[in-house]
There are 2 protein chains.
Amino acid sequence: MNPASSNPGGDAAQGASPTFSPLYQQIKALITQSLQSGEWKPGELMPSEVELAARFKVSQGTVRKAIDELSAENLVVRRQGKGTFVATHHEERAHYRFLRLMPDEGVPHHPESRFIEVKRIRAPAEVARLLELRSGDAVVYIKRVQSFDGVPAILEELWLPGQLFKGLTAERLVEYKGPMYGLFESEFGTRMIRASEKIKAVAADPGAAQLLGVAEGTPLLCAERVSFTYGDKAVELRRGLYLTARHHYLSELS
Amino acid sequence: MNPASSNPGGDAAQGASPTFSPLYQQIKALITQSLQSGEWKPGELMPSEVELAARFKVSQGTVRKAIDELSAENLVVRRQGKGTFVATHHEERAHYRFLRLMPDEGVPHHPESRFIEVKRIRAPAEVARLLELRSGDAVVYIKRVQSFDGVPAILEELWLPGQLFKGLTAERLVEYKGPMYGLFESEFGTRMIRASEKIKAVAADPGAAQLLGVAEGTPLLCAERVSFTYGDKAVELRRGLYLTARHHYLSELS
DNA sequence: AAGTGGTCTAGACCACTTT
DNA sequence: AAGTGGTCTAGACCACTTC
């Protein structure tokens with residue numbers, strides 16, 4: 001009678017794929033598609049649960065469970081009495097999800113950037129492999145130093161798929177205020193959803209030592225990050241060297 | 001009519017506290033108490049949702065939501081068709097939740113331990129502060145080296161509240177096979193629920209260099225961990241020095 | 001007053017496991 | 001066949017926000 005009871009037969013418009021999934025997972029996938037396609041933009045209010053339930057012809061409870069998971073994955077933000085909003089990098093609370101370097105004392109705050117180099121190059125083999133590109137594809141290369149209160153603490157290199165970041169120039173980076181992920185989201189339509197970091201301890205080479213203002217051989221924390229957007233697509237490679245004299249990398253094991 | 005509708009008045013046996021919480025949160029707290037008290041032990045099967053619903057006089061859906069959260073926090077494990085089990089450190093899948101050092105190549109596996117020192121001491125001020133003890137309280141101090149395939153990679157020091165780990169000796173540690181957290185859980189009734197790590201890069205001092213078989217000054221990753229049991233009570237301080245030549249610390253940002 | 005997400009209930013059926 | 005967790009629905013009421 002109701003549409004959901006036909007679920008076991010596979011009622012969704014997903015084509016005749018051999019995999020079945022619960023209704024709420026199918027709804028979640030459909031909502032994710034709308035997020036990815038930009039039907040609702042970052043920061044915007046999404047349709048209410050009741051509207052979505054009507055649109056997908058399922059009960060509100062099913063939509064609710066789908067949105068529950070999207071909320072847990074930080075793709076959307078629920079606000080009681082107001083509605084559900086598309087998550088955005090343009091808010092304080094989102095900033096520290098990807099910035100794990102904390103001061104040993106005092107409250108966290110944002111570093112200032114100084115860009116050393118911004119250019120377009122052909123992807124080296126290693127970069128291409130991690131970004132799932134072909135070796136030689138165009139990538140944007142960025143090198144910058146970040147400082148807290150004028151004291152350098154982070155030396156960072158980034159590689160971004162040239163395809164996705166066509167108009168990215170040094171000027172845009174310099175004039176933009178706020179975290180880079182905000183720029184990527186607003187200007188290039190690419191939102192970072194999650195990331196994975198591999199961390200090592202290394203000795204500062206001459207170049208890093210000079211830029212960070214420390215002695216050659218100083219132990220630095222090296223974090224290699226691969227960031228993913230919708231559909232687990234890799235869209236950023238980042239290698240950061242962190243000076244941990246007065247800061248630490250915070251990792252919550254839960 | 002039904003017991004839940006009296007919720008807004010505060011129906012639970014929590015005393016006349018000024019804070020109100022949803023019914024499922026109260027149920028969650030009651031279940032957590034039973035877990036903490038050992039009414040159901042690690043690895044054991046818990047009562048079914050239907051039984052718990054009857055016991056607490058709420059609907060199955062409310063118990064379900066409570067257990068959903070406990071499951072998300074890794075306090076319990078659900079298995080369809082079988083039931084809900086109390087989480088335990090005695091299973092492969094639980095081991096890598098607190099062991100983040102991964103080999104750069106190949107599949108993760110467990111290190112072998114060699115204990116350097118095990119003794120009872122008075123807590124230094126810094127240790128006491130982090131473990132929320134009084135300075136001078138008894139603590140168990142452990143120092144060990146861990147190796148992968150015979151190659152040293154981790155130098156670790158631990159401080160544990162003496163109160164909680166009364167019978168902990170070097171012999172117990174040496175004869176016990178498997179992760180220390182399994183020993184703590186089975187023999188001392190203390191389960192680690194979550195932990196917080198502060199990570200820095202440091203230079204190997206003479207002692208560390210000798211034990212890890214590297215040159216003095218070699219960059220090492222230093223992870224200072226505070227672990228918590230039920231009720232967010234700190235019960236372990238651990239300082240690990242990791243050799244990251246062939247391994248890395250894995251951090252998922254999500 | 002109206003709309004939103006948040007909680008709670010009750011009942012149905014499904015998928016999986018064990019007896 | 002019986003029991004378990006997993007999904008789905010429908011309806012009620014609450015807390016919060018806005019008009």
Side-chain angles (χ1 to χ4, degrees), chain A residues 1-12 18-31 40 44-72 74-87, chain B residues 1-12 18-31 40 44-72 74-87:
Chain A
M1 184 180 175
N2 45 50
S5 48
S6 60
N7 176 33
D11 62 337
T19 66
F20 297 100
S21 66
L23 231 198
Y24 78 90
Q25 287 288 0
Q26 301 174 31
I27 301 303
K28 181 183 170 189
L30 291 173
I31 295 175
W40 315 306
E44 281 183 10
L45 179 63
M46 286 173 43
S48 74
E49 296 178 354
V50 174
E51 284 178 87
L52 290 172
R55 165 164 163 182
F56 298 128
K57 296 195 170 57
V58 299
S59 79
Q60 184 181 353
T62 300
V63 169
R64 166 164 286 276
K65 182 144 187 180
I67 294 180
D68 275 347
E69 292 203 352
L70 294 172
S71 174
N74 295 301
L75 296 196
V76 303
V77 176
R78 320 182 83 142
R79 292 195 200 137
Q80 194 179 37
K82 300 176 108 174
T84 303
F85 297 78
V86 182
Chain B
M1 182 180 175
N2 45 51
S5 48
S6 61
N7 176 34
D11 61 339
T19 67
F20 298 99
S21 66
L23 233 198
Y24 78 90
Q25 287 288 359
Q26 301 174 31
I27 302 302
K28 181 184 170 188
L30 291 173
I31 295 175
W40 317 305
E44 280 183 11
L45 179 65
M46 285 173 44
S48 73
E49 296 177 354
V50 175
E51 283 178 86
L52 290 172
R55 166 164 161 182
F56 297 127
K57 295 194 171 58
V58 299
S59 79
Q60 185 182 351
T62 300
V63 170
R64 165 165 289 277
K65 182 145 187 179
I67 295 181
D68 274 347
E69 292 202 353
L70 293 173
S71 174
N74 295 300
L75 296 195
V76 303
V77 176
R78 320 183 84 142
R79 292 193 200 137
Q80 193 179 39
K82 300 176 109 174
T84 303
F85 296 78
V86 183

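Lettering follows sequence order; numbering is per chain, from 1.
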For A:Arg78 and C:dG6, is the shortest distance between a side-chain N/O and OP1 or OP2 below 4.0 Å?
yes
Expressed in angstrom and rounded to an integer, what is the separation of A:Leu45 atom CG from C:dG5 atom C1'?
11 Å
Closest-nucleotide mapping onto DNA chain D: is B:Gly83 or A:Val63 further toward the 5' terminus? I mean the 5' end.
B:Gly83
OP1 or OP2 of C:dG3 versus the side-chain N and O atoms of A:Ser48: is any pair under 4.0 Å?
no
It should be established whether B:Lys65 places a side-chain nitrogen or oxygen under 4.0 Å from OP1 or OP2 of nucleotide C:dT7.
yes
Under a 3.5 Å limit for both distances, which nucleotide forms a Watson-Crick or G-U wobble pair with D:dA12, could you say?
C:dT7
Rounded to whole Å, how long is the line connecting atom CG of B:Asp68 with atom C1' of C:dG6?
15 Å
Separation between OG1 (A:Thr84) and CD1 (A:Ile67), nearest 0.5 Å, reads 4.5 Å
Calculate the interatomic distance between A:Lys28 atom NZ and D:dT7 atom C1'; express it in whole Å.
15 Å
Ignoring hydrogens and geometry, is there a side-chain-to-backbone donor-acceptor pair from A:Gln26 to A:Ser21 under 3.5 Å?
yes
Minimum-distance nucleotide to B:Gln80 side chain [options: D:dT7, D:dG6, C:dG5]
D:dG6
Give the rounded distance in Å between these two atoms: CD of B:Glu51 and C1' of D:dA2.
14 Å
With both distances under 3.5 angstrom, what nucleotide forms a Watson-Crick or G-U wobble pair with C:dT18?
D:dA1
Which nucleotide, D:dT9, C:dG5, D:dG6, lies nearest any side-chain atom of A:Ser59?
D:dT9
Without decimals, in angstroms, what is the distance between B:Gln60 CD and D:dT7 C1'?
12 Å
Less than 4.0 angstrom between a side-chain N/O of B:Thr84 and OP1 or OP2 of D:dG5, yes or no?
yes
May I ask you to verify if any side-chain N or O of B:Arg64 is less than 4.0 angstrom from the OP1 or OP2 atom of D:dG6?
yes
Would you indicate, yes or no, if D:dT4 has its OP1 or OP2 atom less than 4.0 angstrom from a side-chain nitrogen or oxygen of B:Arg79?
no
Could you give the CD1-to-P distance, from A:Ile31 to C:dG5, as a whole number of Å?
11 Å
Measure the CG-NZ distance between B:Leu30 and B:Lys28 for me, rounded to the nearest 0.5 Å.
12.5 Å
Report the distance from atom OH of B:Tyr24 to atom P of D:dC14, rounded to the nearest whole Å.
18 Å
Under 4.0 Å: is that the gap between some side-chain N or O of B:Lys82 and OP1 or OP2 of D:dG3?
no
For a 4.5 angstrom cut-off between non-hydrogen side-chain atoms, does B:Glu69 reach B:Leu75?
no
Whole angstroms only, please: what is the CD-P distance between A:Glu49 and D:dG11?
17 Å
Is the side chain of A:Glu51 donor-acceptor paired with the backbone N or O of A:Ser48 at a distance under 3.5 Å, no angle test?
yes
